[in-house]
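To start, the structure under review is shown below, and the notes come after it.
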Number of protein chains: 2
Amino acid sequence: MNNLVFKQALQQYFTPTSSEWEHIQDKLSFRSLAKDECLIEQGEVCRQLTFITQGMIRYCQYDYDNNEHTTCFAWENFFCAPFSSFIHSTPSFESLIALENTHLIEINKVDFFALVETIPGINLVYRKVLEAAYLLTEKHNYILQNYPAAERYQTLVMQDHPTLLQRVPLKYIASYLGINPETLSRVRRKI
Amino acid sequence: MNNLVFKQALQQYFTPTSSEWEHIQDKLSFRSLAKDECLIEQGEVCRQLTFITQGMIRYCQYDYDNNEHTTCFAWENFFCAPFSSFIHSTPSFESLIALENTHLIEINKVDFFALVETIPGINLVYRKVLEAAYLLTEKHNYILQNYPAAERYQTLVMQDHPTLLQRVPLKYIASYLGINPETLSRVRRKI
DNA sequence: TTCATTTGTTGACTTTTGTCAAGTGTGGTT
DNA sequence: AACCACACTTGACAAAAGTCAACAAATGAA
């Protein structure tokens, strides 16, 4: 069941042989998070790669005044991790918190990198995941640095992810746009 | 000469066999940029990976009002490219412009990915380059989004890259910090 | 050296966004 | 139904950074 969702996700990139799939499946474990439960806390070192089979995760960081800032949302069929922590075993910049009750597949980091080395298809998947993560944050950051509040809303929400509005409280959307809820409220009123 | 610098850079990650090195060397070409010359213009699709043997490159983007924003600096011994464009063959978000007279080694994208597929060491190097690029922009963005002007200067310049001050005009540093030159000037006066 | 251009600084003012406080609305619990 | 917590909105005001204009300082070319 859950495994199948995962296999389908891999098959976007390669079709594992049955022996490869055996090896992969061996390393998977399952986990659920209740709404508001933490997958990883800021400062922790990330030790596994996570794949979301159902639900939604919010990435957030804390600034010098301990205010929370949302940097990313991830949902069904995406891999999620604080990648720099996952890659370099350094403390994570961000916390990952469930926005809804969420079902996950986890692969331990050591196991995952062993698969990357031994299964070329997994190497490819890893590259694609990194590339996609890079692209997503690049755009988010480009918009946050170069556009005022109203344009951020238009681009990052209305244009790119209008469905967020149905799933995510506005206060987190405001935080994703790098503005506060009051400002978002004023932006939305003017439209 | 130039090749040697490049080989040394690779050797941080792996030691190519002499036949591997032959294949790699075959694909390298050399290029120089005068100060202010453009390596890649925003909107262009990036078709090669570049390695800097001497000099310095500035990455910059243009916002909705066509104001320029510096997002990154790269110098000797670093690979540089607008990675999302390089990876996905999409128009580059940013222009790459020489800050000084600069010497480069280039590898055509198709050749490079062929090397990634055939030489495991190059695959590793590519992963490391991507990971490093990801980490660098992640920190830059984290600071820009979460800290006010004075703290951005302290962290990104004084702490991380104080040598920038000797090589880069303040107006570009201001732009890298997401503030204007007047604000930077005021920040520096207060210290 | 001199002159012109670019770079950097400063002050006065404006704009944008944030902060604080009060209020409305909604959903869930008892 | 009544209450509570939470999400969201609104207004008045404050703070941070941007804009514009003037000028100073450094750099480079003639």
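Here is how names work: the chains are called A, B, and so on, in the same order as the sequence lines, proteins then strands, and each is numbered from 1. Both backbone and side-chain heavy atoms feed into the values below; hydrogens, waters and symmetry mates do not.
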Atom pair distance, as rounded to whole Å: CG in B:N180 and C1' in C:dT15: 13 Å
Residue B:R186, side-chain heavy atoms: nucleotide from D:dG18, C:dT9, C:dG11 that is nearest: C:dG11
Starting from P on D:dA16, measure out to CD on B:Q145 and report it in whole angstrom. 19 Å
Tell me the interatomic distance from A:L144, atom CG, to C:dT17, atom P, rounded to whole angstroms. 11 Å
Taking CD1 from A:I179 and P from D:dA15, how many angstroms apart are they, rounded to a whole number? 21 Å
Spacing of A:R152 atom CZ relative to C:dG18 atom C1', expressed in whole Å: 12 Å
Side chains of B:N123 and B:E117: donor-acceptor distance under 3.5 Å anywhere? no
Rounded interatomic separation in angstrom, taking OH from B:Y147 and P from D:dA15: 22 Å
Comparing B:S185 with A:A149, nearest DNA chain C nucleotide closer to 5' gives the residue B:S185
Does the C:dG8 base have a donor-acceptor partner in the side chain of B:R189 within less than 3.5 Å? no
Distance, rounded to the nearest Å, where B:N146 contributes CG and C:dT17 contributes P: 17 Å
Considering only heavy side-chain atoms of B:P169, the closest of C:dT9, D:dC8, C:dT7 is C:dT7
Taking the side chain of A:T183 as its heavy atoms from C-beta onward, which of C:dT9, D:dG18, C:dT17 lies nearest to it? C:dT17
Between P on C:dG18 and CG on A:L177, what's the gap in Å once rounded to a whole number? 11 Å
Between A:K171 and B:G178, just flag the one whose closest nucleotide in DNA chain D comes earlier from the 5' side. A:K171
If you check the A:E182 side chain, which of C:dA12, C:dC20, C:dG18 turns out closest? C:dC20
Pair A:R47 + A:E106, salt bridge at N-O below 4.0 Å: no
Heavy-atom check, side chain of A:I57 versus side chain of A:I97, under 4.5 Å: no
Assess, by modelled atom type and distance only, whether the side chains of A:S175 and A:H69 contain a donor and an acceptor separated by less than 3.5 Å. no
Examine A:F78 together with A:F51 and report whether their ring centres are nearer than 6.0 Å. no
